[in-house]
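Computed over heavy atoms, backbone and side chain alike; hydrogens, waters and symmetry mates excluded. Remember, predicted model here, so these are calculated numbers, not experimental data.
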Amino acid sequence: MSEIVLPDFGLVLLFGESTEFAQRWFSAALVDSFDEVVTQLASRRLTAIDANKLAKIDLKYLGRVATDSYARVYVIAIGSNGAELAKRTGSMAVMDWFGLPSAEGAHLRFEPLATDRRGEMGPFDIIGDIHGCADELVELLGLLGYQIALTGAGTERFATVTASPGRRAFFVGDLIDRGPDGPDVMRIVMAMVQAGHALCVAGNHDTAFGRWLEGHKTTLNHGLEATARQFSLESPQFRDSVLTFIDGLKAHLWVDGGRLAIAHAGVKQSMLGRSSGKVRAFALYGDTEPKKSPDGLPSRYHWALDDHGETAVVYGHTPVAEAAWVNNTLCVDTGCCYGGKLTAVRWPEREIVSVQARANYAVLGRALGHPPRRPKRD
């Protein structure tokens, strides 16, 4: 038996002896026109096209539609005829390409995308950018009902965590850089995630540090120089475990039955539970453009002003003086590493809990507060 594992969202193109196969596996997903493709993908529904029923397959157009809907394209070619037809349309260039000798005995299994974790239910305690502030993290977790113990030294240093009854922590990323103790932050967060006491998404600082750990040429700035120095004192085994952890983090997670999404810098409603380079870039960096702002940093815009969706989005990345809801979004980065506060929001209660930073560990590159709204194009 030939088994193909597909996500439950995407665009599937079927070639060859596919009519019966399409009806068996894609009856609810099949469309007969390109207009239906646009509508169905925009509604985040699995979409399939039986190439036998269309006179022409315009891969470039379908690729643009899929990109605009943050969907991947999957090709299934059945039999030698299907492979030849797929090849003539140019679909062999599609990354996710499956060839089956025949439809007989083939089996498909559909799984949620890795960002779609709607089955993960709260309550959660969502914690903003830590940036290496380990003491403040221990204090905040204590207020939230978690007990943290850091014991030992060197290769024998460990974090032990007792969970807050009935709750889980949720970290919005940027665990390291700028603050005084990135290694202990990682020990705590990793111990909590591995024990099932927490979830975590990647921040842009975490991914940059991961590249440094892998040995890629990386500019040591924006606090990474402090983290590199701190981790130079750690064992290779610990550094390897941190790299494995960072590599496994997703840029956003859609949870709590679809009522909540967590991303480091934000996520639009149209991106929820989807997976593409554009979705990941937005979740890590927000709404940005290369053009420099007056402070010399890349221009950043306040995407949340135009977010009016039903799913609440909690994020960090942009340090603000106080955590306050904007529409149905909340930024919980309150600049702990700059002498501000480390903040959490209890979900679904929406209660804000903060602790004051014990010192000013880094110089603020731009003023606290949300960026401006993106200018409208003429």
Which is it for R373 and D306 under the salt bridge (charged side-chain N to carboxylate O under 4.0 Å, His left out) test, yes or no, and what are the steps along the way? CA-CA 9 Å; R373 184 191 297 268; D306 298 313; 2.5 Å; yes

Between [X] (side chain only) and [Y] (backbone N and O only), is there a donor and an acceptor less than 3.5 Å apart?
| X | Y | answer |
| --- | --- | --- |
| R168 | M121 | yes |
| S276 | Y70 | no |
| T89 | A86 | yes |
| D181 | D184 | yes |
| Q356 | G340 | yes |
| R239 | E234 | yes |
| R167 | S164 | no |
| E139 | L342 | no |
| Y338 | L368 | no |

Partner of Y315 by ring pair (Phe, Tyr, Trp, His ring centres under 6.0 Å), out of Y285, F170, W303: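 The option that passes is W303.
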
Tell me whether the count of non-hydrogen atoms from other residues, nucleotides or ligands lying under 6.0 Å of CD in Q269 goes above 12.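 Enclosed: over 12 neighbouring heavy atoms sit under 6.0 Å from CD of Q269.
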
Does atom CD of E84 have more than 12 heavy-atom neighbours, drawn from other residues, nucleotides or ligands, at distances under 6.0 Å?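 Yes, enclosed.
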
State the [atom1]-[atom2] distance between [X] and [Y], to the nearest 0.5 angstrom.
| X | Y | atom1 | atom2 | value |
| --- | --- | --- | --- | --- |
| N204 | T288 | CG | OG1 | 10.0 Å |
| Q230 | I176 | CD | CD1 | 9.0 Å |
| H302 | C331 | NE2 | SG | 8.5 Å |
| L284 | D206 | CG | CG | 9.0 Å |
| M271 | H252 | CE | NE2 | 9.0 Å |
| H205 | C337 | NE2 | SG | 8.0 Å |

Within one Ile-Leu-Val-Met-Phe-Trp-Tyr cluster: [X] and [Y], side-chain cutoff 4.5 Å:
| X | Y | result |
| --- | --- | --- |
| L140 | V320 | no |
| L260 | L249 | no |
| V189 | L199 | no |
| F158 | I188 | no |
| L253 | L113 | no |

Output, in order, the C-alpha distance, side-chain angles, deciding distance and verdict of side chain to side chain contact (heavy atoms under 4.5 Å, CB included) for T155 and F238. CA-CA 8 Å; T155 59; F238 180 63; over 6 Å; no

State, to 0.1 Å, how close [X] and [Y] come at their nearest heavy-atom pair, and which atoms those are.
| X | Y | result |
| --- | --- | --- |
| P375 | Y301 | CD-CE2, 3.5 Å |
| W97 | A77 | CZ2-CB, 3.7 Å |
| I352 | A323 | CD1-CB, 4.2 Å |
| C200 | L175 | SG-CD1, 4.1 Å |
| P180 | C133 | CD-CA, 4.3 Å |
| L46 | G10 | CD1-O, 3.6 Å |

Residues which pass side chain to side chain donor-acceptor pair (under 3.5 Å) with T343, listed by chain and number, not counting sequence neighbours: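 T343 satisfies side chain to side chain donor-acceptor pair (under 3.5 Å) with T334, S354 only.
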
Partners passing side chain to side chain donor-acceptor pair (under 3.5 Å) against Q40 (at least two apart in sequence or in another chain):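 Partners of Q40 under the side chain to side chain donor-acceptor pair (under 3.5 Å) test: R45.
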
Does any donor atom in the side chain of E310 or N328 lie under 3.5 Å from an acceptor atom in the other side chain?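 There is no such pair (donor and acceptor under 3.5 Å, judged by atom type) between the side chains of E310 and N328.
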
Pair R117-K250, side chain to side chain contact (heavy atoms under 4.5 Å, CB included): steps then yes or no: CA-CA 11 Å; R117 300 280 290 276; K250 303 304 175 187; 5.7 Å; no

Compare all side-chain heavy atoms of [X] with those of [Y] and state whether any distance is below 4.5 angstrom.
| X | Y | value |
| --- | --- | --- |
| T318 | D333 | no |
| D129 | V172 | yes |
| R44 | D116 | yes |
| L41 | V65 | yes |
| V94 | Y74 | no |
| L305 | R374 | no |
| I76 | L108 | yes |
| R346 | L144 | yes |

Quick one: ring-ring contact (aromatic ring centres under 6.0 Å, His included) partners of F26, sequence neighbours excluded?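 Residues passing ring-ring contact (aromatic ring centres under 6.0 Å, His included) with F26: F110.
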
Can R280 and T207 be said to form a side chain to side chain contact (heavy atoms under 4.5 Å, CB included), step by step? CA-CA 11 Å; R280 181 173 177 82; T207 58; 3.6 Å; yes

Start with the C-alpha distance between T47 and S69, add both sets of side-chain angles, then the distance that settles side chain to side chain contact (heavy atoms under 4.5 Å, CB included), and finish with yes or no. CA-CA 12 Å; T47 304; S69 299; over 6 Å; no

Lys/Arg N to Asp/Glu carboxylate O, K341 vs E136, below 4.0 Å: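 No, this pair does not count.
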
Parallel, tilted or perpendicular: which one describes the rings of F21 and W25, with boundaries at 30° and 60°?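 Ring orientation of F21 relative to W25: tilted.
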
